[in-house]
Amino acid sequence: METESEPYVRLATLRQLHQVMADMNTARSLADTLQTVADGVVNGLGYELACVNLVRPDGDLVVAAFAGNPAAEALITGRVGSRESWERRLTMGEHWGDLVFIPHTEGWVLDDDDVPQWYTDGPAPRFDDEWHPSDRLFAPMYTPPSPGGSCGELIGVLSVDRPRNGRRPGAWGREALQMYAFQAAIAISNARLRANMQRALVRLERDQQALRASEESFRQAFEYAPSGMAIAEMGGDQHGRILRTNDALCRLLGRPASAMRRYAFSDLVHPEDIGTLLRTSAEGGRAELRLGRRDGTYVWVSLRNSVVADAADGPRFLLTHVEDIEDRKRRELQLAHRASHDSLTGLPNSAELRSRLSSRLCQRTGNPGALESLDAAYGHPVYDAGGHGFDFRSGGVEVYDGFDHHVHTAAPQSDHDDGTKGLAVLFCDLDGFKSINDRFGHNAGDAVLIEVARRLSRAVRDGDTVARLGGDEFVILADGLGRADAQDLAVRLRNEIIQPIRAEGRAVRVGASFGIGWAHCGMTADEVLKSADERMYVEKRSRPKQHRRAG
């Protein structure tokens with residue numbers, strides 16, 4: 001535009017200015033927008049050179065675009081001027097509204113600062129408004145002000161030079177440059193916003209792709225895991241309800257996936273393991289328990305729970321890994337059985353017998369002198385449990401202690417049957433067994449022991465214990481018997497044993513001697529067994545040798 005005719009602005013000039021502003025607002029990227037801003041100063045405002053200095057995140061200004069001189073563009077594009085130097089420039093010189101004009105008479109003080117520049121020297125102006133090569137004109141660009149607020153944040157500075165008519169801009173030229181800088185700030189802000197949105201969209205798409213890949217990876221790992229996997233709800237009324245299962249878990253439990261979604265793990269776990277399951281679910285830990293199959297059987301599994309958050313403060317669920325450990329549990333049970341049972345007869349061994357017997361007994365506690373006084377007062381033994389004395393004859397066999405909740409075991413206190421029932425311990429020793437070993441060998445002896453164990457186990461009640469103490473000695477624990485009951489049991493067992501036994505192709509016979517002892521609290525397992533053993537020897541010696549076995 002021609003400043004000498006500023007009162008009259010040609011329509012072509014307005015059209016040209018409108019076009020450069022339109023171009024500025026339709027650029028496709030931030031870089032294109034910055035270059036369009038610089039080109040618009042040259043093409044629409046009548047300056048030979050224009051530079052866009054853009055504020056960086058650190059506050060300094062970088063030469064982001066240049067127009068009008070390729071040599072100067074190559075020289076200074078990308079160079080940086082400090083924010084301090086720019087603040088100094090924008091506070092100097094003459095202020096034409098928002099514009100800052102620094103005449104050549106003052107600008108010499110800026111020659112050594114770090115702002116990139118292309119100014120050259122020249123002769124003194126011939127008239128008052130002639131443009132000097134060292135004059136500087138800056139148009140700060142601010143973000144649009146907030147409603148009712150002051151000017152926005154500085155986002156850059158337009159530097160212009162060499163008006164084509166060689167004169168300093170007049171009122172119209174200044175107004176046009178100031179208006180252009182305002183519109184340029186809006187265009188740059190919008191371009192930045194679009195660029196940020198595009199970057200955000202790219203990041204979002206990248207994150208979504210990563211999420212989809214992660215979900216697909218999880219789905220494949222979940223679905224095709226060789227061991228069982230399940231996702232269950234956590235918390236609320238539906239805690240533990242199964243939401244999703246993989247094929248391995250469905251095969252393990254023999255249930256289709258559609259049916260599994262009708263259950264919670266608490267519906268599938270063995271009743272004895274429900275406490276273990278609840279602790280595991282609450283702690284997000286691991287446990288070994290039994291889960292029910294469709295056919296009604298149970299399988300031992302190792303169950304591991306992981307608590308997973310769906311999102312920040314979002315719903316949580318349990319990721320459950322279920323591993324079949326049936327074979328290992330079977331081996332462990334077999335090893336435990338071997339450790340506690342006799343390898344020949346399969347009966348509980350000596351250690352298991354003592355463990356079962358000890359679990360029924362508590363030791364005498366309290367002051368021995370006080371116990372003796374109570375014994376004397378009642379005329380029969382009275383045992384103190386948890387600091388209390390009890391009359392077992394008057395109070396019955398089982399007395400519940402208020403401190404340790406132990407069920408106390410007592411015994412009949414007289415040689416005749418007084419109606420008291422207790423834990424009878426029958427000590428059995430085979431008569432004539434050594435001669436079978438000597439005459440027919442240990443294989444025959446083993447066959448006899450196996451058959452005796454079978455007959456004893458068959459003759460007792462469910463819940464009674466038949467154990468092999470060692471050699472040809474057996475022990476029977478029978479609870480809830482009176483003296484007459486225990487004696488009848490001993491006779492019945494003896495009659496079972498004396499029947500002929502097939503061993504190594506021949507029929508052999510053995511007899512049996514029984515000693516009946518009684519277990520009660522205050523005794524040790526060894527004391528109980530010793531008492532029954534002594535009674536057995538008394539019984540054996542009281543019978544003539546020829547009557548100790550059937551033949």
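Positions are given from 1 along the sequence.
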Subject >> Pair Asp479 + Lys421: basic N to acidic O under 4.0 Å >> reply: no

Original post:
Among side-chain atoms of Asp526 and Thr524, is any donor-acceptor pair under 3.5 angstrom?
Top reply: no

**OP:** Walk me through it: do Glu288 and Arg304 pass the test salt bridge (Lys or Arg N to Asp or Glu O under 4.0 Å)?
**Re:** CA-CA 9 Å; Glu288 294 183 354; Arg304 297 197 302 273; over 6 Å; no

**OP:** Establish, yes or no, whether the cationic atom of Arg535 lies under 6.0 Å from the six-membered ring centre of Phe514 and within 45° of the ring axis.
**Re:** no

Subject >> salt bridge (Lys or Arg N to Asp or Glu O under 4.0 Å) between Glu326 and Arg331, intermediate numbers included >> reply: CA-CA 9 Å; Glu326 183 71 19; Arg331 291 193 297 270; over 6 Å; no

Subject >> SB check Asp438 Lys434 (cutoff 4.0 Å) >> reply: yes

Original post:
Do Arg244 and Glu223 have side-chain heavy atoms sitting under 4.5 Å apart?
Top reply: yes

Subject >> Thr276 and Asp273 side chains, donor-acceptor separation under 3.5 Å >> reply: no

Subject >> Sidechain N-carboxylate O distance under 4.0 Å for Glu451, Arg454 >> reply: yes

**OP:** State, to 0.1 Å, how close Gly292 and Leu253 come at their nearest heavy-atom pair, and which atoms those are.
**Re:** O-CD2, 3.8 Å

Original post:
How far does CG of Leu449 sit from NE2 of His442, to the nearest 0.5 angstrom?
Top reply: 11.0 Å

Original post:
Could Glu332 and Arg328 be called an ion pair, given the rule that one side-chain N must be under 4.0 Å from one carboxylate O?
Top reply: yes

Original post:
Quick one: do Arg56 and Asp58 make a salt bridge, cutoff under 4.0 Å?
Top reply: yes

Original post:
Between Leu481 and Leu423, is any pair of side-chain heavy atoms under 4.5 Å apart?
Top reply: no

**OP:** Verify the distance criterion only: is there a donor paired with an acceptor across the side chains of Asp429 and Ser513 at less than 3.5 Å?
**Re:** no

Subject >> Closest non-hydrogen atom pair between Tyr537 and Glu473, with its separation >> reply: OH-OE2, 4.4 Å

Original post:
Nearest 0.5 Å, what's the CZ-CZ distance between Arg506 and Phe440?
Top reply: 5.0 Å

Subject >> Electrostatic pair Glu323:Arg286 at N-O distance under 4.0 angstrom >> reply: no

Original post:
Which pair of non-hydrogen atoms, one from Ile497 and one from Ala512, has the smallest distance, and what is that distance?
Top reply: CD1-CB, 3.7 Å

**OP:** Before accepting this row, confirm whether a basic side-chain N of the pair Arg356/Glu352 lies closer than 4.0 Å to the acidic partner's carboxylate O.
**Re:** yes

Subject >> Leu204 side, atom CG; Met197 side, atom CE - distance, nearest 0.5 Å >> reply: 11.5 Å

Original post:
When rounded to the nearest 0.5 angstrom, what is the spacing between CG in Leu291 and CG in Leu303?
Top reply: 6.5 Å

**OP:** For salt bridge (Lys or Arg N to Asp or Glu O under 4.0 Å), just list the numbers for Arg219 and Glu216, CA-CA rounded to whole Å, side-chain angles, deciding distance to a tenth of an Å, and then say yes or no.
**Re:** CA-CA 5 Å; Arg219 187 192 68 80; Glu216 177 62 18; 2.7 Å; yes

Original post:
Can you check whether Leu54 reaches Arg192 side chain to side chain, under 4.5 Å on heavy atoms?
Top reply: yes

Subject >> Carboxylate-amine/guanidinium proximity below 4.0 Å for Glu496 and Arg492 >> reply: no

Subject >> Lys530 bridged to Asp533 by N-O distance under 4.0 Å >> reply: no

Original post:
Does the side chain of Met229 reach to within under 4.5 Å of the side chain of Thr245, using non-hydrogen atoms?
Top reply: no

Original post:
CG/Leu347 to CG/Leu456 distance, rounded to the nearest 0.5 angstrom?
Top reply: 7.5 Å

